[in-house]
Each structure stands twice: as structure tokens, then as C-alpha cells.
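Working notes, structure below.
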Number of protein chains: 2
Amino acid sequence: MKITIYDVAEKAGVSIATVSKVINNTGNMRDTTRQKVMKVMEELNYFPSVMASALTGKKTQTLGLLVPDISNPFFSEMARTIEDRAHERGLSVIMCSTDEDEEKEKKYLELLRRKQVDGFIIASSFHEKKLLEDIKSAGIPLVMLTQDAGSLGVTSVSVDDFTGGYEATSHLLSLGHQNIVIITEQRLSSKMRLYGFREAYETYGYNYDESMVYQTVASIENGKTCLEEILKRSDQPTAVFACNDLIAIGVIQGAREQGIRIPQDLSIVGFDNTILATTTVPSLTTVAQPVNEMGKKVVDVIVSNINKEEENAERILFKPKLIVRDTSARLTSK
Amino acid sequence: MKITIYDVAEKAGVSIATVSKVINNTGNMRDTTRQKVMKVMEELNYFPSVMASALTGKKTQTLGLLVPDISNPFFSEMARTIEDRAHERGLSVIMCSTDEDEEKEKKYLELLRRKQVDGFIIASSFHEKKLLEDIKSAGIPLVMLTQDAGSLGVTSVSVDDFTGGYEATSHLLSLGHQNIVIITEQRLSSKMRLYGFREAYETYGYNYDESMVYQTVASIENGKTCLEEILKRSDQPTAVFACNDLIAIGVIQGAREQGIRIPQDLSIVGFDNTILATTTVPSLTTVAQPVNEMGKKVVDVIVSNINKEEENAERILFKPKLIVRDTSARLTSK
DNA sequence: ACGATTTAGTTAAGCGCTTTCTTAATTTGC
DNA sequence: GCAAATTAAGAAAGCGCTTAACTAAATCGT
């Protein structure tokens, strides 16, 4: 049925040990022997079983990637760069969407451990820190993506969210907006953006207060709902900083439905610079994360962890970049 | 180091066979014994190795999913429903983006076979039919998604592309458009949409000819480029049917840059009804595929193939649904 | 109460590979 | 030309699990 190393060995007239050596390109052997074995492998269309070799201490050549939701363009774009880089390095990746749900986080982590993935890339925020600690103490490489690892001594790759939040807000402030509202998510990265927001706000000498902060879960629908809430305020903000593009788009759509003109009546800044930012109209002013670089970096880090080349936990911060498009404009005095 | 079945057996004072039986819930045994073993597994935080059990004839509980590009919203949305359904059925999925590139198709297929995935879901079109035949003759379950399997006797799950193309075109024709242009991809599904286009065209008594057909690769950029080509025509079409949303968006953007008003000067219909169709402005008239149903179905089919519940190759066609939004309008006589 | 059944749990082979020892075959030095 | 050093190839154990075949213990019928 399935071709095994035994079939190859037999047909080539050598032992399975020899075949194994040519597969792994190890040990000494006559070149003619190597050629002969390779030829037979070719003829038999033989592929060594990753299962079997993983069982004998080798790696599974598989990475586990946990994201909140792969259908969110930010994460699917990120997943794509991760996938490509991983393949370059000889790894495949199993993706899991957690919806930031505690049950799923746990379930998928367990599942992936049973599958003996060589390492984890975690872009989903984590409720149960202990699960991550378990992984770490089990010696399985682990890198946080898009968020800091907190006290856990683990490398993280993310954008400088604080600065991103700061710049987005400064941009709005410099356009004359004084009454700005922010819509965050509960993830840590969002919190950092909020701190940046606050910092900018106060730097400009304005008073920051809690009532300017709205929290929701990333989706267009929720962005709309949030805007409705915001419109109930007695003081009407002239700008909103949404902590990701999806929410920003929701705000844009909600505004349109309400007959609020963008950017004349309301300026909006998003975060992530996903494909949506360019396809929406007016096109969205947003903070770009260098998705490609981040994706590459995160797999490089995990690969070197796997190979034990290094192990020093570090925070790798990429520079965000404000991309000014058409949803933000100078406040015109009424 | 890693906890194995031996550790559990020893601590529970039974043989590994007994432990194996409680893991798999097979064989007879005293309830107290089962409890005892389970307790120990719990205490030791033991997870059976999928590797090892796969090696002994069991499944790997992993599916291979090949898509053209996971960062394309259509495929990421599809991937999400597949992932969810797969997890419900106890499977995880390894995703690979082929870019419809022959080399990658081959490489990933090979890779996934080495990893002994239990089955393949193939949403990427395939240049080298032989690769698929190999899989089939190796007895590995295989389902085509989003496209027909052609002569290969393999189940396929897709939308009725012909009808979708027909309806999109009829819609345009019924709005009075007579000079319509179509932008296709090279994939089979696109060809079927083209046939539907042609059928509708001729049903309305107009002459179809090859020059109305443009072909490209799915991306916004290419959609734009295509529009440029189209604008060079001596006869200006009043409508374009793009075989997927990405291209349609490109056309919209290109049109805007050229100062062409949509839908007054040019009507556009897309295909797929991705998130982009709702976020673009004007919102895109497009043909929706029931992504959720399709994703579920494709997993169910492959699971039943894996379990050998059935094996009859069939073509499963879902009904497309035209969603009329704001990029298509009645042709106003000039 | 005793053999016949049924039930509970064990032994051991085997899945497809890697790897450490060994041994056999070559090559080298003088 | 022969022992010493080097190189090529093989034997066998082991990775963590499943399962068929088997044995021991419990249950049953009469």
C-alpha cells in the first residue's frame, strides 16, 4: 500500500539505516550508493512520513497559529505573510480562530500540543495566562504576536501601539479637534493605543476623561452600534479614533446612515491599514502596521527558538505609520 | 520530560494497554479502573500524542486546505467556516496559499501528504491533474471546493457558477445594458460564469463575441489595469461584470480615478459577496455564494469520505444569489 | 460446587523512522 | 605488502501508541 522506508531499502538493496541517511543527508556513504537510493525513492514516489520521524525525536515541522478570527482582514493578511515565511523555512501552519473565547483558546492549545507543533504563534489575547506558562515550561517555543507577553518571559512581536495611538490622536488634535472619542477593544494592544491617545490628549493640554472611551469587539456591526451610543452624548465629538479598521468602517457606515458627513461633520481614524481602508469611501485614515515585516519576523523568531539558536525574551516593536486619507479633515468652526 | 502512556500506566498501576483503552474508550473494564486511570491522566496533565497514534493506523485528525490566497477575503471567509466545522468534527486544518502557482501546488500537496493529512480540500485550481489523481489513487479523500473536479471522479462543492453568471448578466441586460464586458479569471469556475454570461447575452438576442472577454488574476490592482484596457476600446461598454469582488473593486477605483461615475456612466456587478462588497461605495451589486453552507458541506463530505461512510463522487451545487446594491443602474439614454 | 461463559486486564508485535554501536570494506603510510 | 586508520553500511533498540491474541478472574447455570 503505502511506500515505506523498507520498500526503498529492499529495492535498492541496502538497509533502512542507509536509506534514512540519504533522506537526512547524514553519515558517510559512497556517492554511488546515495545516487542509487535516491533513484529508487524517485521511482517509488516515496515520501518519508513526518509522523514517524517526529516520533523519533525529530520535529513535526508544524507551527500553531492562534488568531482571534482569520476572516478579519488584518489577521488574514498577517496569516498570509506568516504562511509564506513559514513555508520558506520548511514549516507548515495550523490556524485556529479563537474569537477571543476562553474555551476555544484552551481547546485549541491543547489540540495543538497533542499534535506536537514545534512552536506557537499567538495573536489572540489570552485570558488564562497559566495555559501559556504551561507551554513555556514544557519547553515549547512560543511567541506573542500583536501583543505583549506581559510578565511572561516570552518574546513578542508587535507594533508600537502606544506610539500608533499617540500619532493617530495627534493627527486629529493637530487638525483642531478637541472633542475626540476612542473606541477600543479589550485586547492589550488596544489598551496601549488608548494610553497613546490619552498621552497625546494631555500633551495638547486637554482634559482626558473616562467617558471618552468606548469598548467593543472588532466588527463592522459593533462599530455601527458604538456610533449610535456616541451620538447619544450631550456633547458631540468631532472625531473618533477607532482602534481597528473594522470598527472604523462600522462608524463610517453608521455615519452615512445618519446623514453625518465624513469628514466634514466627523473625522475618523482607524488602525491596521487593512485592505478595507483603501476600498471604503471616503478612504480611511489609519495607522499602518508593517504586516509583512512582522509576519516574517515572528516566524524567524520562532524558528530560531526552535533551533535553540537563542532564547532571550525580547519585545520587538515595529514602527507604526500614520496614513492620512480622506476620513480626517481640519475642523471647520461652525 | 514529556508524559507518556507509560508514565500513566505506571502511576495507575495498570498496563499501557489498559490506558490506551480508556483513552479510546474501547474494550471492557471495571468502572473503578477507568476512573483511576482518568484521574492519573488528569493529575499528570497527560495528552496522548497524535503522532504516535497516527503511526499505528489511526488518523492524524488534520485536513489540508489549499486555497489560492488566504488573504483574499472570499477565501478567508470560507476558511473560517471550514475551520469551525472541522473543529466541530475534531479536525484541525493546515492552510496553504498556492497563488495558483504550479510549483507551489505541487510542493504543498507533497508536504501535506508527508504529514499524512486525512483528507484534502482543494479550492485552488489545479494545473497538474496528475497530482490529484495520485492522491485519489493513494486512497486519500479529496474534495474540490469552488470548482468542479472535471473528469476526475471526485466530489466537488461549488456554487452554480453558470447560473450565477447568467443572473448577473441578465440583471445588467434587463437594466437596458447592451454593451457589457466581462472580466474573468483563468479558473474553471470563472469559465462557467463566462458561459452563463454568454448564455444570457444570447438569450437576449445580442451578439456575443470574444472581444468582450478580458482575463486577469484576482486583485484590486489588476481590476484597475483591466479597466484601463477596457477604456481603450472604440465602443464604450456601459457595464462590466467582474468575476469576483476584488476585480470589481479595482474597476470601481479605476473608474473613480478616471472620473467615471458609477452607476450613472458605468454599471458594475461582482461575484462572491465578500465583506468588500458592503464596505465599498457605492456598495457593490454582486452574486453571493453561500459561504457558510458551502464550508460546512465540504467538511461534512470529506469527513464522511474519511470514515468511508460513502464514496460516490457527486457535484454539489449551491444556488447563487444576486444581491443588488448600488453599482448597477438602469441605462439612461444619452 | 464445578465446568462453561463472560469480563477484565496483560503481553507482545508492529507502525515507519532515527541513531548509536558494530562490523566489514577501503584506503593510507611506510 | 601489511597493520593502522578511515570510511561505508548494517543490526538493533527505541520513539509512544494500538490491537489482536491471550490469560486470569469473576459470574453463571444447574
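Just so it is clear, the model here is predicted, and its values are computed rather than measured.
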Discussion item. So, OP1 or OP2 of D:dA9: does either fall under 4.0 Å of a side-chain N or O from A:R30?
Written reply: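 Checking A:R30 against D:dA9: at least one side-chain N or O falls below 4.0 Å of OP1 or OP2.
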Worksheet item: Does C:dC17 have OP1 or OP2 sitting under 4.0 Å from an N or O in the side chain of A:S20?
Response: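 Checking C:dC17 against A:S20, no side-chain N or O comes under 4.0 Å of OP1 or OP2.
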Around [X], counting heavy atoms of other residues, nucleotides and ligands shown, do more than 12 lie under 6.0 Å from its [atom1]?
X      : atom1 : answer
B:E10  : CD    : no
B:K36  : NZ    : yes
B:E88  : CD    : yes
B:K104 : NZ    : yes
B:K191 : NZ    : yes
B:K11  : NZ    : yes

[X] has an atom [atom1]; how far is it from atom [atom2] of [N], in whole Å?
X      : N      : atom1 : atom2 : value
A:Q116 : D:dC17 : CD    : C1'   : 11 Å
B:R34  : C:dG9  : CZ    : C1'   : 12 Å
A:M29  : C:dT23 : CE    : C1'   : 16 Å
B:N24  : D:dA20 : CG    : P     : 12 Å
B:N25  : D:dT19 : CG    : P     : 13 Å
B:I5   : C:dG9  : CD1   : P     : 15 Å
B:K58  : D:dG16 : NZ    : C1'   : 14 Å
A:N28  : C:dT19 : CG    : C1'   : 14 Å

Worksheet item: Any side-chain donor-acceptor pair under 3.5 Å between B:S53 and B:T56?
Response: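 The answer is no; no qualifying pair exists.
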Discussion item. With no hydrogens and no angle check, just 3.5 Å: does a side-chain donor-acceptor pair link B:T62 and B:K115?
Written reply: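 There is no such pair between these side chains.
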Fill in: For DNA chain D, the residues among residues 36-47 of chain B that have a non-hydrogen atom under 4.0 Å from it
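Those residues are B:Y46.
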Fill in: Out of D:dA8, D:dG16, C:dT18, whichever nucleotide has its closest atom nearest the side chain of A:T33
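Closest nucleotide to the A:T33 side chain: D:dA8.
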Under-3.5 Å N/O pairs linking protein and nucleotides 10-15 of chain D:
unit_1	atom_1	unit_2	atom_2	d
D:dG10	OP2	A:S15	N	2.8
D:dG10	OP2	A:S15	OG	3.2
D:dG10	OP2	A:T18	OG1	2.6
D:dG10	O6	A:K21	NZ	3.0

Worksheet entry | Separation of A:F47 CZ from A:I23 CD1 (nearest 0.5 Å) |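 Atom-to-atom, A:I23:CD1 and A:F47:CZ are 12.0 Å apart.
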